[in-house]
Amino acid sequence: MPTISANMAYEHKAIETKWRKEWVKRSTYRVANDPSKPKYYVLDMFPYPSGAGLHVGHPLGYIASDIVARYKRHQGFNVLHPMGYDSFGLPAEQYAIQTGQHPAKTTEQNAARYREQLDRIGFSFDWSREVRTSDPAFYEWTQWIFLQLFDSWYDPRADKARPIADLIARLESQGCQGQDASILTGDIEEFVGEFTAEEWKAFDERTRQMVLQHFRLAYLSEAWVNWCPALGTVLANDEVKDGVSERGGHPVERKRMPQWSLRITAYAQRLLDGLDQLDWSESIKEAQRNWIGRSEGALVRFPVGEDFIEVFTTRPDTLFGVTFLTLAPEHVLVGKFTTEEQRAAVEAYVNKAKNRSERERQADVEHVSGVFTGSCAKHPFTGADIPIWVGDYVLAGYGTGAVMAVPGGDQRDWRFAKHFGMPIIAVTEGADIEKEADESKEATISSEGFLKGLKVPAAIQRAIAELEKLGAGEGRVNYRLRDAAFGRQRYWGEPIPIYYKDDIPYPVAEQDLPLVLPEIDKYQPTETGEPPLARAKDWSYEGYPLETTTMPGWAGSSWYFLRYMDPKNKERFASQEAIDYWGQVDLYVGGSEHATGHLLYFRFWTKFLHDRGWIPFDEPAKKLVNQGMIQGVSQYTAFASFGGSPESEFTDRFVLKTGEFFEVPRRWDGFRQYFFSLELLDSLDSWNSVAVGPEQLVPVAMDVRFVDNSCLDVSKVQLKDTRPEVRDGVFFATSGYWVDGQYHEFQKEARHFETRPVVEKMSKSKFNVVNPDDIIERYGADTLRLYEMFLGPIEQSKPWDTNGIEGTYRFLRKFWNLFHTGSPSETPVPSTHGVDPLPLTNDAPTKEELRVLHATLKKVTEDIERMSFNTSVSQFMIATNELGALKCNKRAVLEPLVIVLAPFAPHIAEELWQKLNPEKYASDTYKGVLAEPWPAFDPQYLVEDSFNYPISFNGKTRLQLEFPIALSKEEVEAAVLANPEVQSRLEGKAPKKVIVVPRRIVNIVV
RNA sequence: ACGGACGUGGCGGAAUUGGUAGACGCGCCAGACUUAGGAUCUGGUACCGCAAGGUGUGGGGGUUCGAGUCCCCCCGUCCGUACCA
């Protein structure tokens, strides 16, 4: 006869293991494309499966999105909540270079480890939809999209991408007019000449293909790239930090080489405009705006003999203040305009500037350098001679790589002019050009010429109009955004499906995709400096050589959200029906570090696929939430190493300022490492009569696994620490010291060794990594989930403090106990469906119990909607405390709470739900608590009869008075004034004013 | 330098529309139970003060009957970008 489990304890391990299995068995999280139900798409940025595994910071966003996904399922949505791996990447390749292991193998192992860790946390991911970017079945479609980009051009008239065939048809009928070229090519060294339709038809195949390169959205061109000699590869701008590679920290130099690029610049304006419609954080949107860097101005051509120099300026109004031009050292025209007399000097300067790292050039803002080319250009308006200089303050990659220098209106030009003694013309009224340039945009133009007397904005308009009239320039919008370098001299990436015939790139036929990554013997560049793929045998297509660079890390992640919709499709990247059904991502959760990388390319590819008619929307994610970082709390102790020969001393003697001393026997070799407890730091006086102060002490991080509440467990350290010098150290505290695993006590106190907590990044090197597996082992996944949410707002960074987790664990136990501490009924109820019943009653709830229930339903529902999970957790705690105090064991109250807790703590909720409704689980197709509708809150239970008014005098609360809420303002006022305590505070005087805000406050102004 | 976010007890944080600042949790203090506790339960805990009372949301000013919340100035922290023409 089963007994009622009145005092059954909450056993997280048994419960969680049971449901992990059961959910798999029941396919609880399998999602079908079911158009009969409304959809909701919750996406997490998928991880790169690194060898280190997950720490507690990684799942933060996944937990938040999982709560939303589960909540939406309770609300009747068909929820797509998938997970996969961004599995191409550098660490696996570097590991492969070191060990010779195939990156696919280590990637596989790491992914399996991630999967194990993720499974333990109880996510509702539909793993049947898992994608991996390194899986040929996935990258087949990454390659396919690349081919579509190759096969497209950006039509500025339609303001969208179109098939290259449309362009060819245009060229055949109309040729190429000047405007096309200038709009479609951003880089200074690319210039598409004008040609007629007849000329186009006369071009040979090679010439035609060369011309088309200038239009394709994926194109091969000579481009300035960040070349990293140490890695033997080219890096994207955002992979270079401070002149060194982001990974590895190797120096990077600028170099010109043939390079596959994607013409993201064609989308600059649309990427900018699209931001306004997105429910993304302002900081991310601002970061993208700055990255795109739109500026309005003019393109001005300064004639040089038969040739000309083109500059971009945002201040064409200052044209009459131009006294020289400055070219970037890398500018292609530098050589052409250098006179023989100046050649040696210019070449020396250019070489020096080129060899200077980006970092040096950035750091050296104070020092002005440059050289005169010996040539002059003509001012387009005045015809005056304008000397042409070269200066490294001008960047090759921005604008045209050349500036018109207006020392009166630009501080950098001013410093350059001052340094080289060039004339400075005042361009604005009231400018003191002896002291500095006037960059004000509210000024009035004062330089001689037709702009004199105009305000800056009017002068800009006029200058542009005059330039256009003369054919010397035109209005122009410039973007900081550069085309994205798309080739990598690496192995572990998607092969670019291109082959070369006569050095001209041609696409691999779609039916021959995927172009599978070949096996190679070594994962390094070849001896001749070619990419690793050049090592592959028969790396050719129909007898022609294949491209040997591979795609960058961001290729797969730019479109992966579409593949989840239909991950097994062999005919298409996803079926039209699946795309139409799932549509945009409704909620995207991930780190803000992807602000200008992934999140920009993600939008770019979506817009492109939209333009070509493959998908019906042109933004990938409607709402984006950036989870904050979870920082680690490192635990530092002070360390000192003292040494001498073993003969000189046999004991070490430490004296404290108080006069107390400790003596420790020396180790056989005479050296010892000493660690001091925090409270000793200021009281240390000397070691063997040598003064010891804080300056000799070095902070050393202790492994946080050995620290509890800033109290170090020294015996564990001496047994288990991975660092021998730490293990063998002597640890001093006020109470005693530890040496060679022995504790020696000075005082009859509890042994206590104190560490100093410091909040910083969670990383292995700081010994502050907390592994979710350890937490789950001790407290369970539900506690982990709740605690991660309870720490604070999802978007905020906050330190992980394992000490606090007890609170949420206690809460779950209390919640569990609510269901198990009811008075046992006189006749034991037999278990049904193998589940013991709970000691609950079917009695009608009291008003107070209903109030607690519905206040919780309301709060939790609203909190999930605005993703304020920390406050919903506290509401659960409040409800549990209150119901516990009420000794509530009524099914009608407790049952709905199980459902609303389920998104947060799915295992315990499922277990309780099964105990409440064992019969439902008899069916194998029952999806458990997740299938239950979200309980609606009923406002009637929250209506109070009376309100306890705070009565304030001049805004300061003095007392509280309770009145029925039915009372009118006037009645409340009268009642308040009639109150004896209020009267005594008024001291007989009449109040100046009484403010009554119903159900809020009463304020008496005296 | 510019752009963004933020600043509340010993700590993480709450206060959703201008209306009782400090919810909830950690920690700490006291007590109960216990052979014991790093278990559990109860109570307390912003600061100053014996108290009455006063002070208080980075600092200064303002709007308002009333400001953590709105406005202006300043200080500080974190993140991003940067000779951007």
Provide the closest heavy-atom pair for A/D276 versus A/K285 in the form atom of the first, atom of the second, distance.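 Looks like O-NZ, 4.2 Å.
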
For A/R866 versus A/D863, what's the shortest heavy-atom pair and its separation?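 Smallest interatomic distance, heavy atoms only, reads NH2-OD1, 3.1 Å.
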
A/H594 vs A/H598 aromatic rings, parallel, tilted or perpendicular, using cut-offs 30° and 60°?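 Perpendicular: the ring planes of A/H594 and A/H598 meet at over 60°.
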
Parallel, tilted or perpendicular: which one describes the rings of A/F790 and A/Y787, with boundaries at 30° and 60°?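 Aromatic pair A/F790/A/Y787 classed tilted.
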
Please classify the glycosidic conformation of B/G22 as syn (within 90° of 0) or anti (everything else).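 Judged by the O4'-C1' to base torsion, B/G22 sits in anti, the angle falling more than 90° away from 0.
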
Could you tell me the separation between the [atom1] atom of [X] and the [atom2] atom of [N], rounded to a whole number of Å?
{"X": "A/Y393", "N": "B/C83", "atom1": "OH", "atom2": "C1'", "value": "9 Å"}
{"X": "A/Q796", "N": "B/C79", "atom1": "CD", "atom2": "P", "value": "14 Å"}
{"X": "A/H594", "N": "B/G80", "atom1": "NE2", "atom2": "P", "value": "13 Å"}
{"X": "A/R1000", "N": "B/G19", "atom1": "CZ", "atom2": "P", "value": "6 Å"}
{"X": "A/I284", "N": "B/C79", "atom1": "CD1", "atom2": "P", "value": "15 Å"}
{"X": "A/I805", "N": "B/G27", "atom1": "CD1", "atom2": "C1'", "value": "16 Å"}

Regarding A/V1005, tell me which of base, sugar-phosphate or nothing describes its non-hydrogen contacts under 4.0 Å with the strands shown.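 Answer is sugar-phosphate: A/V1005 comes under 4.0 Å of backbone atoms only.
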
At 4.0 Å (heavy atoms only), tell me whether A/I878 reaches a base, stays on the sugar-phosphate, or touches nothing.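 It contacts sugar-phosphate atoms only.
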
May I ask you to say whether A/R958 pairs ionically with A/E981, meaning some side-chain N is under 4.0 Å from a carboxylate O?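 Salt bridge flag = no for A/E981 with A/R958.
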
Side-chain donor/acceptor contact of A/K814 with base of B/U40 under 3.5 Å: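 For A/K814, whose side chain was compared with the base of B/U40, there is no donor-acceptor pair (under 3.5 Å).
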
Tell which nucleotide pairs with [N], taking only Watson-Crick or G-U wobble pairs whose two distances are both under 3.5 angstrom.
{"N": "B/U42", "answer": "B/A30"}
{"N": "B/U17", "answer": "none"}
{"N": "B/G66", "answer": "none"}
{"N": "B/G7", "answer": "B/C75"}

Quote, to the nearest angstrom, the [atom1] distance that separates [N] from [M].
{"N": "B/U55", "M": "B/A5", "atom1": "C1'", "value": "30 Å"}
{"N": "B/G10", "M": "B/A23", "atom1": "P", "value": "14 Å"}
{"N": "B/C73", "M": "B/C29", "atom1": "C1'", "value": "43 Å"}
{"N": "B/C70", "M": "B/C24", "atom1": "P", "value": "26 Å"}
{"N": "B/G62", "M": "B/G13", "atom1": "C1'", "value": "30 Å"}
{"N": "B/C72", "M": "B/A21", "atom1": "C1'", "value": "24 Å"}

From the list B/G4, B/G12, B/A39, which nucleotide is the closest neighbour of the side chain of A/S283?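 The answer is B/G4.
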
Applying the side-chain contact (heavy atoms from CB on, under 4.5 Å) criterion to A/S447, which one of A/V427, A/V406, A/D317 satisfies it?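 For A/S447, the side-chain contact (heavy atoms from CB on, under 4.5 Å) check succeeds only for A/V427.
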
Taking only N and O in the side chain of A/R482, is any of them less than 4.0 Å away from OP1 or OP2 of B/C84?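 Checking B/C84 against A/R482, no side-chain N or O comes under 4.0 Å of OP1 or OP2.
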
